[in-house]
Protein chains: 2
Amino acid sequence: MGITERKEREKEEMRKLILGAARKLFLENGFEKVSIRNIADAIEYSPATIYLYYKDKNDLLYALHQEAFHKLTGEFQKVFVRNDPFERLTEMGRTYFRFAFENPELFDLMFIMTAPMDALECRDDIWNEGRTAFGLLVQIVQECIDKGIFQHKDAEVASMMIWSAVHGYTALFLRKRLDMFDENRRKEIMEEAFTLFTETIRRGL
Amino acid sequence: MGITERKEREKEEMRKLILGAARKLFLENGFEKVSIRNIADAIEYSPATIYLYYKDKNDLLYALHQEAFHKLTGEFQKVFVRNDPFERLTEMGRTYFRFAFENPELFDLMFIMTAPMDALECRDDIWNEGRTAFGLLVQIVQECIDKGIFQHKDAEVASMMIWSAVHGYTALFLRKRLDMFDENRRKEIMEEAFTLFTETIRRGL
DNA sequence: TTGCTTACTAAACACCGTTCAGTACTTTTG
DNA sequence: CAAAAGTACTGAACGGTGTTTAGTAAGCAA
């Protein structure tokens, strides 16, 4: 049946058209300022049409959330060119932060906004993107343990601790809680805090 | 002039009436689900009246944000009953996290939501609440340095690092990014990650 | 008592996410 | 080939949202 295949293809293209317009608008104006109506206008369809391809706005945000995870996972792969596991780890931390800095809207969607998690929850699915990315971290931490760089034996707990530390100042920064430091000091203090963290775990973990 | 004083007092009472209703509704239903109209209904005034006492919704949220900081600062004071500075520090970390657990909506307002920071920004004021609370942390970290518990000499950078770590998993938890662990494991892994962090900085900072 | 100020509100403005009845077009069937 | 069935899409509405403004009514001062 060539027709049903073509229809399938057209349906998929329409999903991509919507997602593309949504991505463009969201990245240009931020998630807060873009409505379904704006997206519909951009692709010259009625707002109702979007609901034939995505359940609701959260569903659309979840699709972008997935895309963003592909992007971050791609960046994470690059740290594996390094041989020293501890270097891999620090580089991964820097990648996480750099990604947030360069793609603040995407990072927000991935790790701060509740919308995409609500989408997952209501279709009671699990957060595979998060699991996979966290898995990469655990893997590297395990290597550090195996090589005797870290004394602590539970790679998952150690990974959680490391993720928290790196996520912490990233999230504080993005949500403007570091604006109490003036702009120059802000970058400096974040850089120094990160370095201090890596040194500290190198010695004490 | 007794009349202008009474008017002043009445104005202040009205602000409290609004704030009280807002607090009640926000804590009951979450910030997302409460509108200015809901608050107006609760106090039996028209929505427009609220705008005579608060500039906009962000302004109202900022007032609650301030209240919440008073509450947290109060909790932080309690850690000073301990004599050992390192114990003060770990207890402060636990207080931060416990506060978030017990008052998720308030914590969100204090450290995650952008609304109250936008209110600050548009009247270009600075975040004194944040400064003060961070100051308490720096003070304790300085004590740890003075007593030779930490080797690193910059208390502000060390404090930033510690805040990040504690904030990190708190924020990840509140924004449902730890739901990938099942409920029992979730609490366990957070507890263990926190303990691991304290042990690590004890040895390595 | 008149005029002025204050406190308040009804109604509107310009949006929002979402749903649904109905239309126009395409495909399948007899 | 015509009729029936199915698909893709939309206009218009529903029930909200934050916010502004013109206008009213009461309190106070002269």
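Since the structure is predicted, the reported quantities are computational estimates derived from the model, not experimental observations. Note: hydrogens, waters and symmetry copies are ignored here, and every other heavy atom, side chains too, is used. A, B, ... follow the sequence lines: proteins, then strands. Residue 1 opens every chain.
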**OP:** Give a yes/no answer on whether the side chain of B/Y53 brings an N or O atom under 4.0 Å of OP1 or OP2 in C/dC8.
**Re:** yes
Subject >> Distance-only polar pair, side chains of A/Y96 and A/E91, donor-acceptor under 3.5 Å >> reply: no
Original post:
Should A/R186 and A/E183 count as an ion pair when the cut-off is N to O under 4.0 Å?
Top reply: no
Subject >> Any A/Y45 side-chain nitrogen or oxygen under 4.0 Å from OP1 or OP2 of D/dT10 >> reply: no
**OP:** Could you tell me the separation between the CD1 atom of B/I39 and the P atom of D/dG16, rounded to a whole number of Å?
**Re:** 16 Å
Original post:
Does B/N38 have a side-chain nitrogen or oxygen under 4.0 Å from the phosphate oxygens OP1 or OP2 of D/dG16?
Top reply: no
Subject >> Nearest to side-chain heavy atoms of B/P47, which nucleotide of C/dT18, C/dT9, D/dT19 >> reply: D/dT19
Original post:
For the side chain of A/K57, counting heavy atoms from C-beta on, which of D/dG18, C/dT18, C/dA7 is nearest?
Top reply: C/dT18
Original post:
According to the interplanar angle, ranging from 0 to 90°, do the rings of A/H65 and A/Y62 count as parallel (below 30°), tilted (30 to 60°) or perpendicular (above 60°)?
Top reply: parallel
Subject >> Electrostatic pair B/K176-A/E121, nearest N-O below 4.0 angstrom >> reply: yes
**OP:** Can you tell me the distance, in whole Å, between the CG atom of B/D56 and the P atom of D/dT21?
**Re:** 14 Å
**OP:** Quickly work out the A/Y54 OH to C/dT18 P distance and round it to whole Å.
**Re:** 14 Å
Original post:
Roughly, in whole Å, what's the span from CD in A/E44 to P in D/dC9?
Top reply: 14 Å
Original post:
Would you say the side chain of B/R37 and the base of D/dG16 hold a donor-acceptor pair, judged only by whether the two atoms sit under 3.5 Å apart?
Top reply: no
**OP:** Would you tell me if any nitrogen or oxygen in the side chain of A/S35 comes within less than 4.0 Å of OP1 or OP2 on C/dG17?
**Re:** yes
**OP:** For D/dT10, take OP1 and OP2 only and decide whether either is under 4.0 Å from a side-chain N or O of A/T49.
**Re:** yes
Original post:
Roughly how many Å is it from CG in B/L52 to P in C/dT5, rounded to a whole number?
Top reply: 18 Å
Original post:
Quick one: B/Y51 OH to C/dA12 C1', roughly how many Å, whole number?
Top reply: 14 Å
Subject >> Residue mapping more 5' on DNA chain C - nearest nucleotide basis, B/M14 or A/K55 >> reply: B/M14
Original post:
Which of parallel (below 30°), tilted (30 to 60°) and perpendicular (above 60°) describes A/F26 and A/F31?
Top reply: tilted
Original post:
Taking the side chain of B/S46 as its heavy atoms from C-beta onward, which of C/dA7, D/dC9, C/dT9 lies nearest to it?
Top reply: C/dT9
Original post:
B/I50 CD1 to D/dT17 P: how many Å, rounded?
Top reply: 12 Å
Subject >> Spacing of A/I18 atom CD1 relative to C/dT18 atom C1', expressed in whole Å >> reply: 15 Å
